[in-house]
Amino acid sequence: MRASRMNIVTLRETPADAEIVSHQLLIRSGFIYKSGSGLYIYGPMMQRVLNKVRAIVTQEITTAGGMEITMPIMQEQGLWESSGRWEEYQATRTMLTVTDRGGQTFGLAPTAEEVVTDYAGHLINSHKQLPVCYFQQHTKFRDEIRPRFGLMRVKEFVMMDAYSFHASDESLSETYEEMRQAYHRIFERCGLQALEVEADSGSIGGSGSHEFMIAADSGEDTILFNRDSAYAANVERAVGVISAAAAWTWSSDLVEVETPDQGGIADVVTFLGEKGYAGIAADRMLKTVLFTAESTEGTHTVAACVRGDRDVNDVKLSNAIGRQLPEGVTVLGLESMNEATVRQVTGAEPGFAGPLASLAVDICIADETLEEIGPLVTGGNKTDMHIAGFDLQRDGRDGIIFEDILTYQAGDACPRGGGELSERRGIEAGHIFKLGTKYSAAMGATFTNESNKQQPLTMGCYGIGSSRVLAAAVEQYHDDNGMQWPMNIAPYHCVVVAARKDDEGKQVAEDIYKELLASGVEVILDERKLGPGVKFKDWDLMGIPLRLVIGRGWDNGTVECKARVDGTPQDLSRDEAIAWVQAACK
RNA sequence: CGGACCAUAGCUCAGUCUGGUAGAGCGCUACGCUGGGGGUGUAGAGGCCGCAAGUUCGAAUCUUGUUGGUCCGACCA
């Protein structure tokens, strides 16, 4: 391609609303253009990168046994009602909808379990047809409340989604493993370092799932991991072992302590310390956090208890609440309880809640690490009053459920033994789920098994945010001058910069360009009438991996060869330069 | 959905407090000079100051409303 025909428009200044580096560089380089909030045009260069990622994904998923199909973006409401997810996705406002002239409402694909389950259910009648796996790479929609971070969080994006169907859990596990391997190959071929972590399965549901995280400080997810034991999990799901609470000698009698205006944990600890309660620390406090949970059945008041120095894990809590509700009832959302309701359920000002008989909530869940700990200090459900010497087993209200609802953190011990957990940020680029029969059972997608019985299809589903992978690649590979695309997904392999004014110099650049082109190299000839500095800045910004310059070196018959990544320029002869490029982009 | 902020040239922003001729840098156009890291000279084009009402002799500037956007939180395969 000739640069003079590429309409290259690069920005010197960073747009005001671009916070993270991938957003800044993609905008400045002209790779993307904001069409609206959370809506982006992929320019010609970006499209080429996307095409390459898509090609790699298609190849690897096909190798893993997937068959590519295309499903509609518009999905009938009835399909979603048959799985029971319509209400959930409307209530959580995850799904965008459109209505036609007849008044029929459609969802804009946030994912396609319902559509594909309906499809497979009609095509698959016998266990002899199994297993089977379909996939597509198509536009997906999310009703993002707040799009941000450029391509990271948008309303419309490209995602590969694959769905496998099985006669047994064993078969599902085999395919799940094949897909897991395929994911690793995909990220490797894209030149990305991805970390596989245990994950929460969220609103998709199912029995097990892993996420593929691309490590980046700007990532929105937190990963806890330990290299020695190879444990890695999303903090939403991660478990660990917390250090024991510091010793605290107490007569174990229940004592009410006046704590005027001491609502927070830290306040109470300081206050009690001054009052002579020696050795009391935050880990001897029992923190009671109050929530209001919305479910398909109604509103529930919830108390969640954790050790005073730790935090409640919302995701785990939400799952735990779901297990307390009747079959088929789904938790839609979890909110901090408003102050008026707090006063109602505790009979006190906010800050003095405790899991006593006087706590009038529908559900009370205590973290499992509190089962064996005591005595503690907790709120007394009276304004300005705490209770010391509290033992949850002995003094707690009836019906307390013990579950893991703790947010683990760096420094906690690894659950697989050995050392401490470390923490890093990651971008969720892929997610695989063992769905089981959640959708097939609800939608009546069954097959005849070997015993001549109808059985719901066992399913797995697998997603890769293709467009998010692009942003993650920029996050992972860039420097002060711009992007650094890995060769396999770079929009072009090489740019030939014509930096001489004389006719011979121009002709040499032209000839080298044509020769590279003919040998299958994806190459750009920059013959624009611009100073060389401008050209260098442009291509560094756009991150083309290889650069040849026909400039002052040509006086001695040499061409400057430089790799975008940590390359020191080297002067080679014309033919050597061509060979250098051909070798580098193999 | 709570809280904060912004809207002036294609982009980044001054000007608003204290009402009185519409500004800068970058980008763009033309013509030179120049060529190894966004070079330079001259001459230009480009704005209903988001929109609507109000106050005023007079509004980018003050008031109210409205619409879009941004940030923090909540939410989120």
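Each chain gets a letter, A, B and so on, in the order its sequence line appears, and its residues count up from 1. Computed from a prediction, not measured in an experiment: that's the story for all the values here.
Counting any heavy atom pair closer than 4.0 Å across all strands shown, A:Asp314 reaches sugar-phosphate atoms only and no base atom. At a threshold of 4.0 angstrom between heavy atoms, the contacts of A:Asp538 include nucleobase atoms, whether or not backbone atoms are also involved. Looking at heavy-atom distances under 4.0 Å, A:Phe157 makes contact with a base. At a threshold of 4.0 angstrom between heavy atoms, the contacts of A:Arg468 with the nucleic acid are absent. At a threshold of 4.0 angstrom between heavy atoms, the contacts of A:Val497 with the nucleic acid are absent. Nucleic acid contact for A:Gly465: base, since at least one base atom lies under 4.0 Å from a heavy atom of the residue. Here A:Asp540 lies in heavy-atom contact (under 4.0 Å) with a base. Residue-level contact check: A:Ser37 touches the backbone only, with heavy atoms under 4.0 Å from sugar-phosphate atoms and none from bases. A:Glu335 comes within 4.0 angstrom of no nucleic acid atom, judged by non-hydrogen atoms across all strands.
Remark: B:C33 base-pairs with B:G39. Criterion, Watson-Crick or G-U wobble with two distances under 3.5 Å. Pair assignment for B:G10: B:C26, on the basis of Watson-Crick or G-U wobble contacts that are both within less than 3.5 Å.
One side chain, A:Glu504 or A:Trp554, offers a donor N or O that lies under 3.5 Å from an acceptor on the other.
Taking the charged nitrogens against the carboxylate oxygens, A:Lys506 and A:Asp511 have no contact shorter than 4.0 Å, which rules out a salt bridge. Comment: A:Arg85 engages A:Glu113 in a salt bridge, judged by a side-chain N to carboxylate O separation of less than 4.0 angstrom. The existence of a salt bridge linking A:Arg148 and A:Glu19 is excluded, since no basic side-chain nitrogen approaches an acidic carboxylate oxygen closer than 4.0 Å. Ion pairing between A:Lys155 and A:Glu144 fails under the 4.0 Å rule for side-chain N and carboxylate O.
Distances shown here put every side-chain N or O of A:Lys34 at or beyond 4.0 Å from the OP1 or OP2 atom of B:G68. Contact annotation: A:Ser336 does not reach the phosphate of B:A74 (side-chain N/O to OP1 or OP2, under 4.0 Å).
Heavy-atom nearest nucleotides on RNA chain B were determined for A:Thr14 and for A:Gly533, and the one closer to the 5' end corresponds to A:Thr14.
With P as the reference atom, B:U61 and B:C51 are 11 Å apart, rounded to whole Å. With both ends at atom P, the span from B:U67 to B:A53 equals 16 Å, rounded to whole Å. Annotation: B:A14 and B:G47 have their C1' atoms spaced 15 Å apart (nearest Å).
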Which protein N or O atoms sit under 3.5 Å from an N or O of nucleotides 24-28 of chain B?
unit_1	atom_1	unit_2	atom_2	d
B:G25	N2	A:Glu13	OE1	2.9
B:C26	O3'	A:Arg12	NH2	3.3
B:G27	OP1	A:Arg12	NH2	2.9

Write out a two-atom table: protein N or O, nucleotide N or O from nucleotides 31-35 of chain B, distance below 3.5 Å.
unit_1	atom_1	unit_2	atom_2	d
B:G35	N2	A:Ala499	O	2.6
B:G35	N2	A:Arg500	N	3.2

What do the steps show when you test A:Gln136 against A:Asp161 for side-chain hydrogen bond (donor to acceptor under 3.5 Å, both in side chains), and what is the final call?
CA-CA 6 Å; A:Gln136 66 172 352; A:Asp161 47 328; 3.2 Å; yes
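A glycosidic torsion no more than 90° from 0 defines the syn conformation, and B:U21 adopts it.
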Which donor-acceptor pairs under 3.5 Å do the side chains of residues 532-540 of chain A make with protein atoms, sequence neighbours left out?
unit_1	atom_1	unit_2	atom_2	d
A:Lys535	NZ	A:Ala498	O	2.9
A:Lys535	NZ	A:Asp526	O	3.2
A:Lys535	NZ	A:Arg528	O	2.9
A:Asp538	OD1	A:Thr10	OG1	2.7
A:Asp538	OD2	A:Arg528	NH1	3.1
A:Asp538	OD2	A:Arg528	NH2	3.0
A:Trp539	NE1	A:Asp526	OD2	2.7

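With hydrogens and angles ignored, no donor-acceptor pair under 3.5 angstrom links the side chain of A:Asp17 to the base of B:G69. Side-chain atoms of A:Arg148 stay outside donor-acceptor range of the base of B:G69, with no qualifying N/O pair under 3.5 Å.
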